[in-house]
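First comes the structure, then the notes that go with it.
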Amino acid sequence: MPELPEVESIRRTLAPVLEGRVVLSCEIRHPRMIRYQRGDLRSRILGHRIERVRRAGKYLLAELDGERLWVTHLGMSGRVEVTEHLGEEGPHTRVVIGLDDGREFRLIDPRTFGFIQVLTPEEIGASGVGRLGPDALDALPPAAELERMLSRRRAAIKTVLLDQTVVAGVGNIYADEILHRAGISPVRQAGGLDDREVSRLRSSVGPVLREGLRWNGTSLEDRAYLLPDGRAGEFAAKLRVYGRQDQPCLTCGTPIRRLVIGGRSSFWCPQCQI
DNA sequence: ACCTCCCTGGCC
DNA sequence: GGCCAGGGAGGT
């Protein structure tokens, strides 16, 4: 499931390939992939040049000429491939965008939770990208501000970490890893954390995400997430709690527990995380 | 600030 | 044959 480290890994491989290219064709194989979108995506993207490939939270962004923003969200199971036009096409290829160098940007997404948009500047504010909080990797709010944001929340800290309007880019896997590093139980009320805990939480975000990025993200058994060139991310081997129910905590040996918080599986060590 | 919905491969 | 994974958006 592509979270910030996965999307950033993808962005780094894609940027040199996509920047400067012009979009020559756009084939939408599955209509659900185009949503939350006014106007016709095809006519909005055709003929436009990709100036720069960026990322915000879990969104992959391509700035086009004419002030348009091509937004790709990979959802749960989305994957990007850039290959030669004649390259063999796998199942679940949902959108194919042809480029002027003969290559194709292909969005593969079995569950179709991902989506593509092309937005005008006026549309960005009300869209998902426009409502993102500060980026978890490069714009984390100062401790005092973060504490103020959390203090007003009654929900579990795990739930608040997943709220993209608070901090953008943290998903289910990294939220658990961050909370473990910070020594905070995922069920704790966000507003009930003291300033030392908020400070520990804040200083755990960067190291966990950067470590994930260093290993090109987390490819699980299902290999739903792969880099654009087909390589797997290696961070799964480094996970300290996520997916490790009943296995000994790597810090203290206590069996890792699983519980569902806000509809999401959460893994934590009852000894290390208070 | 909460709940519901969408979707399909893989597993029991 | 039924259940599970879970991101974001939109509705209440």
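Lettering follows sequence order; numbering is per chain, from 1. Not measured: the values here are computed from a predicted model.
- The interatomic distance linking A:Leu60 (CG) with C:dG7 (C1') rounds to 16 Å, in whole Å.
- Whole-Å rounding puts the A:Phe115 CZ to B:dC6 C1' distance at 13 Å.
- Looking at which nucleotide of DNA chain B each of A:Thr112 and A:Asp222 is closest to, the 5′-most match is held by A:Thr112.
- Regarding A:Arg154, its CZ atom lies at a distance of 9 Å from the P atom of B:dC2, rounded to whole Å.
- Every residue meeting the side chain to side chain donor-acceptor pair (under 3.5 Å) condition with A:Arg103, not counting sequence neighbours, appears here in chain and number order: A:Asp101.
- Here A:Ala224 lies out of heavy-atom contact (under 4.0 Å) with every strand.
- Side-chain atoms of A:Arg35 and base atoms of C:dA9 include no donor and acceptor less than 3.5 Å apart.
- Within 4.0 Å of A:Arg131, counting heavy atoms only, lie sugar-phosphate atoms of the nucleic acid but no base atom.
- The side chain of A:His30 approaches B:dT8 more closely than any other nucleotide in the set C:dA9, C:dG6, B:dT8.
- A:Leu162 places its CG atom 14 Å from the P atom of C:dA9, with the value rounded to the nearest Å.
- The shortest distance between the side-chain N/O atoms of A:Tyr242 and the OP1/OP2 oxygens of C:dA5 is not below 4.0 Å.
- Annotation: side-chain hydrogen bond (donor to acceptor under 3.5 Å, both in side chains) contacts involving residues 128-139 of chain A, sequence neighbours excluded, comprise A:Arg55-A:Asp135.
- Here A:Phe113 lies in heavy-atom contact (under 4.0 Å) with a base.
- Taking the side chain of A:Tyr59 as heavy atoms from C-beta on, and the options C:dA9, B:dC2, C:dG6, the nearest nucleotide is C:dA9.
- Under 3.5 Å, the side chain of A:Arg264 and the base of C:dG7 form at least one donor-acceptor pair of N or O atoms.
- A close approach under 4.0 Å does not occur between any side-chain nitrogen or oxygen of A:Lys58 and OP1 or OP2 of C:dG7.
- For the pair A:His73 and C:dG7, the criterion of a side-chain N or O lying under 4.0 Å from OP1 or OP2 is not met.
- Atom pair A:Leu74:CG and C:dG7:P shows a separation of 13 Å (rounding to whole Å applied).
- In this structure, the CG atom of A:Leu220 is 19 Å from the P atom of C:dC4, given to the nearest Å.
- At B:dT8, none of the side-chain N or O atoms of A:Ser77 fall inside 4.0 Å of OP1 or OP2 (strictly under the cut-off).
- At least one test fails for A:Arg54 against the ring of A:Tyr59: distance under 6.0 Å to the centre or angle within 45° of the axis.
- Rounded to an integer number of Å, the gap from CZ of A:Arg111 to C1' of B:dC5 is 15 Å.
- Residue A:Gln245 contributes atom CD, which lies 14 Å from atom P of C:dC4 at whole-angstrom precision.
- Remark: the backbone N or O of A:Gly98 is paired with a side-chain donor or acceptor of A:Ser25 at under 3.5 angstrom.
- Both A:Met76 and A:Gln117 sit near DNA chain C, but only A:Met76 has its closest nucleotide nearer the 5' end.
- Between atom OG of residue A:Ser77 and atom NE2 of residue A:His92 there is a gap of 8.5 Å, rounded to the nearest 0.5 Å.
- With A:Trp268 as the partner, the side chain to side chain contact (heavy atoms under 4.5 Å, CB included) test is satisfied by one option alone out of A:Ile184, A:Val241, A:Leu259: A:Leu259.
- For A:His92, whose side chain is taken as the heavy atoms from C-beta onward, the closest listed nucleotide among C:dG10, C:dG7, B:dG9 is B:dG9.
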